[in-house]
Engineer: 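Provided herewith is a single structure, encoded as structure tokens, for subsequent inquiry.
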Amino acid sequence: MEHIKVNNFSLSDTITCGQFFLYTEIDDETFLVKSAGNSCEMRQKGDIVFLDCPSNKLDFWKNFLDIDTDTDYDRALQFCAKSKHKILKQAADFCGGIHIIRQDPWNALLCFIISQNNNIPRIKGIVGKLCETYGGFLPSPEQLAELSESDLAYLHAGYRARYLIEAGKFWGTLPRENGQTLNREQLMSICGVGPKVADCVLLYGFHKIDAYPKDVWIKRVIAEYFPDGFPETEFSGIVQQYLFHYIRHITRKKL
DNA sequence: TTCCAGGCGTATC
DNA sequence: GATACGCATGGA
């Protein structure tokens, strides 16, 4: 069992705030998390996060949770605190311990293709079913590319099944290099990937924290609270995540 | 029954 | 480039 000290970090908000779906909640503060072939049971008590993983995977999971990286969360929090928009301060007060998870880009692509015009419990269900088929993890691009839509009918993913296969075909043709970053245009060249899903992959997969996905919730927030438009910064993705989690909380729709 | 959900492709102007 | 519409599914 590894443990790390954290400062102004909330594991439960980070895991459950709608940016990530490959987890099971064991209790309020304990989660079994999967990413890129690794799994880890993690728990937070106060300012200590416990990671039940091999010691040689400690750095992997710290990086996954964006702990001790160069991401400047203090700057995003100060921006919210000083904003003339009260809802930014409220959102940061409510869930300012959120970190932007550094997900596997391919996994993020699959999850957010599934997310389109869908709700979070169903997304999680479909992602979970897909993982069950492949030993607890999401299929590789090659595994997905050779499937037909009828092979995926058991997911009940609807029209999104075709997009998953398209994504597999696209990703499978990419050169195998670590750390390569795709841009928005490349992502949107995949049939079934539009601006929102592309921004999610940029933010959650490639940690481009200036990308801020505009889903129906964020569009409503902008329409209601930001008549002059969303105040864009180089860390809009972080602010967007606070807002997304907060607005769903106060509208108390358990979705 | 209708509405909604971390949207997108297509048709049309 | 903007806007309208259909799309699979299941819970509210």
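Letters go in sequence order (proteins before strands), and every chain restarts at 1. What you see below is based on every heavy atom in this structure, not just the backbone, and it leaves out hydrogens, waters and symmetry mates.
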Engineer: Rounded to whole angstrom, note down the P distance from dC8(B) over to dG11(C).
Structural biologist: 24 Å
Engineer: Taking the P atom in each of dC5(C) and dG6(B), what is the distance between them to the nearest angstrom?
Structural biologist: 24 Å
Engineer: CD1 of Ile165(A) versus P of dA8(C): gap in Å, rounded?
Structural biologist: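 Spelled out: CD1 on Ile165(A) to P on dA8(C) is 14 Å.
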Engineer: Categorize Arg220(A) for me: base, sugar-phosphate, or nothing, with a 4.0 angstrom heavy-atom threshold over every strand shown.
Structural biologist: sugar-phosphate
Engineer: Would you mind reading off the distance between Ile126(A) atom CD1 and dG7(B) atom C1', rounded to a whole angstrom?
Structural biologist: 14 Å
Engineer: I need the CZ-P distance between Phe112(A) and dC8(B), as an integer number of Å.
Structural biologist: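 It is 12 Å, rounded to the nearest whole Å.
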Engineer: So for Tyr163(A) and dG9(B), does any side-chain atom that can act as donor or acceptor lie under 3.5 Å from a complementary atom in the base?
Structural biologist: no
Engineer: Counting only side-chain heavy atoms from C-beta out, which of dG10(C), dC7(C), dC8(B) sits nearest to Arg122(A)?
Structural biologist: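 So the nucleotide nearest the side chain must be dG10(C).
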Engineer: Under 30°, 30 to 60°, or over 60°: which ring-plane class applies to His249(A) and Phe94(A), parallel, tilted or perpendicular?
Structural biologist: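 Judged by the thresholds at 30° and 60°, the geometry between His249(A) and Phe94(A) is parallel.
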Engineer: Once you round it to whole Å, what is the distance between P of dG6(B) and CG of Leu110(A)?
Structural biologist: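 Leu110(A) atom CG is separated from dG6(B) atom P by 19 Å.
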Engineer: Grab the CD1-P distance between Ile114(A) and dG7(B) for me, whole Å please.
Structural biologist: 13 Å
Engineer: Kindly confirm whether the side-chain ring of Trp217(A) is stacked on the base of dG6(B), judged by centres under 5.5 Å and planes under 30°.
Structural biologist: no
Engineer: Using heavy-atom distances to pick each residue's nearest nucleotide on DNA chain B, tell me which of Met188(A) and Pro213(A) is more 5'.
Structural biologist: Pro213(A)
Engineer: Does Lys196(A) come within less than 4.0 Å of Asp215(A), counting only side-chain N to carboxylate O?
Structural biologist: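 Looking at Lys196(A) and Asp215(A), the cut-off is not met.
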Engineer: Taking dA8(C) as the reference, what is the distance to dA11(B) when you measure between their P atoms (whole Å, please)?
Structural biologist: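 The answer is 15 Å between these two P atoms.
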Engineer: Any idea which heavy atoms bring Leu138(A) and Cys111(A) closest together, and the distance?
Structural biologist: CD1-SG, 4.2 Å
Engineer: Using a cut-off of 4.0 Å on non-hydrogen atoms, how would the nucleic acid contact of Ile218(A) be classed: base, sugar-phosphate, or nothing?
Structural biologist: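 Contact class for Ile218(A): base.
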Engineer: Using a 4.0 Å heavy-atom cut-off across all strands, classify Gly192(A) as base, sugar-phosphate, or nothing.
Structural biologist: sugar-phosphate
Engineer: Could you state the CZ-P distance from Phe21(A) to dG6(B), rounded to the nearest angstrom?
Structural biologist: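 Roughly 8 Å, once rounded to whole Å.
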Engineer: Which is true for Tyr204(A) with a 4.0 Å heavy-atom rule: it touches a base, it touches only sugar-phosphate, or it touches nothing?
Structural biologist: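 The answer is base, as Tyr204(A) lies within the cut-off (heavy atoms under 4.0 Å) of a base atom.
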Engineer: Look at atom CG of Asn7(A) and say whether more than 12 heavy atoms of other residues, nucleotides or ligands are closer to it than 6.0 Å.
Structural biologist: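 12 or below, so no.
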Engineer: With the side chain of Tyr159(A) defined as its heavy atoms from C-beta on, choose the nearest nucleotide among dC8(B), dA8(C), dG6(B).
Structural biologist: dA8(C)
Engineer: Does the pair Arg75(A)/Glu234(A) count as a salt bridge with the N-to-O cut at 4.0 Å?
Structural biologist: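 Glu234(A) and Arg75(A): salt-bridged.
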Engineer: Nearest to the Asn119(A) side chain among dG6(B), dG7(B), dA8(C), which nucleotide is it?
Structural biologist: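 Nucleotide nearest to Asn119(A)'s side chain: dG6(B).
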Engineer: Atom CD1 of Ile100(A) to atom C1' of dG6(B): distance rounded to whole Å?
Structural biologist: 13 Å
Engineer: With a 4.0 Å cut-off on heavy atoms, is Glu149(A) in touch with a base, just the backbone sugar-phosphate, or nothing at all?
Structural biologist: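 Nothing, no heavy atom under 4.0 Å.
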Engineer: Within the 4.0 Å heavy-atom criterion, would you say Ile190(A) contacts the bases, only the backbone, or no part of the nucleic acid?
Structural biologist: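 Sugar-phosphate contact only.
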Engineer: For Gln241(A), report the nucleic acid contact type (base, sugar-phosphate, nothing); a contact means any heavy atom under 4.0 Å.
Structural biologist: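 Counting heavy atoms under 4.0 Å across all strands, the contact made by Gln241(A) includes a base.
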Engineer: Is any side-chain N or O of Gln116(A) under 3.5 Å from a base N or O of dG9(B), one able to act as donor and the other as acceptor?
Structural biologist: no
Engineer: Rounded to whole Å, how long is the line connecting atom CG of Leu109(A) with atom P of dG6(B)?
Structural biologist: 19 Å
Engineer: Given Phe20(A), which partner from the list Tyr204(A), Phe64(A), Phe112(A) fulfils the ring pair (Phe, Tyr, Trp, His ring centres under 6.0 Å) test?
Structural biologist: Phe64(A)
Engineer: For a quick test of reading the model: is some side-chain N or O of His156(A) closer than 4.0 Å to OP1 or OP2 of dG10(C)?
Structural biologist: yes
